[in-house]
Amino acid sequence: AEALLGLLNDILDLSKIESGKIELEQTPFDLHQLLEETSETLAVRAHSKGLEFCNAFPPSLVQWVLGDPGRLRQILNNLASNAIKFTDHGHIILRANSSQISDNTQKVEFTIEDTGIGIPPEKIHLLFQRFSQIKTPNHQKYGGTGLGLAISKQLVQLMNGQIGVESQQGKGSKFWFYIILPQSQPLNSPKDLQKISQLLQNKVAFIVDDHPVNREIIRIRLQQWKMQVHEFSDAQSALEKTLQLASQKSPPDIILSDMQMPQCDGLQFAQNLKSYPSLQNIPFVLITSLGNPGESKRCKELNIRHHLTKPIRIKELLYTICDALYPNLSYLHNPSHSSIPTFYTSSTPVRVLIAEDNPVNQLVAKGFLEKLGARADTVANGYEALRALETIPYDILFLDVQMPELDGLETARRIRNANSRVLNKNIPIIAMTARAMRGDKEICLQAGMDDYIPKPVRIENFADMLKKWCSPLTKNSPSLPIS
């Protein structure tokens, strides 16, 4: 189903681009957060193949920009997914940099490097052509439609950028692209992490990882926080240096170690450290790519309380190190994160109404919303939705646009009507629609809807809408009724 959906979406995207009916959004977004979230999804697939996935961007990368985050994510997914597909050993590295080209405009450059099978020089010109595939035995066994790169090229061009590739057969490829993005004011007031990072100044940190790019990513951030950093490619060298400094009464303040290393893994390294009384109290952070059935048990046995999962989020890295160094400061608690958060506890669930005529879609939507902590009811058409809203004070309505008897557009108009008998005429209304052509969003908004999500709907779509419209700050924000 996912493969067929991907193919259909690619064909629709291509047809919309070529007919000039695709419109890029211009919305403020956090580029750092987009890169971290995109990398987390891709890293799961990479780690399942035993590959390292590294997300490397410097502190100087512009953070708040104006553009289409969904389409940028689509380009990054296309390029990185290909890198994962054509790589069986080694790593994939996603890098980003930016440079200012005018007072309020940034040139943002991205590269995706892999250690995969590479591309024959005489075939590179075929890469960005639609329905074009490289027909060598090595490439054909991986499959594909030949649409992803063609779509990516056209999207990059729509963003006033360029895309290209460098490759050596048998050694890997590096796809690159740049786009031009206006800077934007932050949507949210950024938390003051500078004060917290000041706690780390002049602290000595050991980074132990056999992969140089992983060490580079952590080192850049620790040096940004003015820590003194020492790097080691193996656990034995780090242990010897730790013993040497401990004998001089100046051991490192903290050790950050990768789990998966040759000869001596992270847990064995921790056990070796614990065997020396002078080293037992050094804070230890374990960094891992993949879960292991016996890993949690061994961590408890070795009293390892601090963990990070690659690719590492910058804020999590800061909080984890601070928490390890200052365990008694409660405000340094490292907040857990999830790409699919639960917004409401069972004692105060948000009440959701789903108006959808397809029973399978009803079942899926209800399941997703309940997984997010909401309480969801379903109805089959607009008339039933109106009756439900007249008796129950729902917090949000997910409304299918195309329904029999009374469609979503007319239902929304009746809800917003000043003479409507619904209990909350200002209820947030989210359109659920398979229509994705130019002007469709405007039609939904003109009918009185507040937002829309495309079909087939994913749990992340519902999570985004709950966060946007049902948080404590927005839950009671009124919409303007239409008379």
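- Between His32 and Phe57, the two ring planes are tilted [angle within 30° to 60°].
- Checking Ser275 against Asn272 by side-chain atom types alone, no donor-acceptor pair falls below 3.5 Å.
- Surrounding CD of Gln248 are more than 12 heavy atoms belonging to other residues, nucleotides or ligands, all under 6.0 Å away.
- Using modelled atom types, one finds no donor on one side chain facing an acceptor on the other under 3.5 Å when comparing His91 with Asp114.
- Lys107 contributes no side-chain N or O that, together with a main-chain N or O of Ile101, makes up a donor-acceptor pair within less than 3.5 Å.
- In this structure, a donor-acceptor pair under 3.5 Å is present between the side chains of Ser152 and Asn78.
- Of the charged side-chain nitrogens involved, none lies within less than 4.0 Å of a carboxylate oxygen, so that Glu370 and Arg375 do not count as a salt-bridged pair.
- The pair Arg313-Glu40 meets the salt-bridge criterion, with a side-chain N (NZ, NE, NH1 or NH2) lying under 4.0 Å from an Asp/Glu carboxylate O.
- The stretch residues 171-187 participates, sequence neighbours left out, in these salt bridge (Lys or Arg N to Asp or Glu O under 4.0 Å) pairs: Glu166-Lys174.
- Looking at Lys310 and Asp258, a side-chain N of the basic residue comes within less than 4.0 Å of a carboxylate O on the acidic one, giving a salt bridge.
- In terms of heavy-atom proximity, Val457 sits nearest to Phe462 at CG1-CE1, 3.2 Å.
- No side-chain N or O of Gln362 forms a donor-acceptor pair with one of Glu356 less than 3.5 Å apart.
- A salt bridge links Arg95 with Glu216; the closest basic N to acidic carboxylate O contact falls under 4.0 Å.
- Side-chain contact, Gln260 with Asp265: no donor N or O sits under 3.5 Å from an acceptor N or O.
- The salt bridge (Lys or Arg N to Asp or Glu O under 4.0 Å) contacts involving residues 63-83 comprise Asp13-Arg71, Glu37-Arg73, where partners must be two or more places apart or lie in separate chains.
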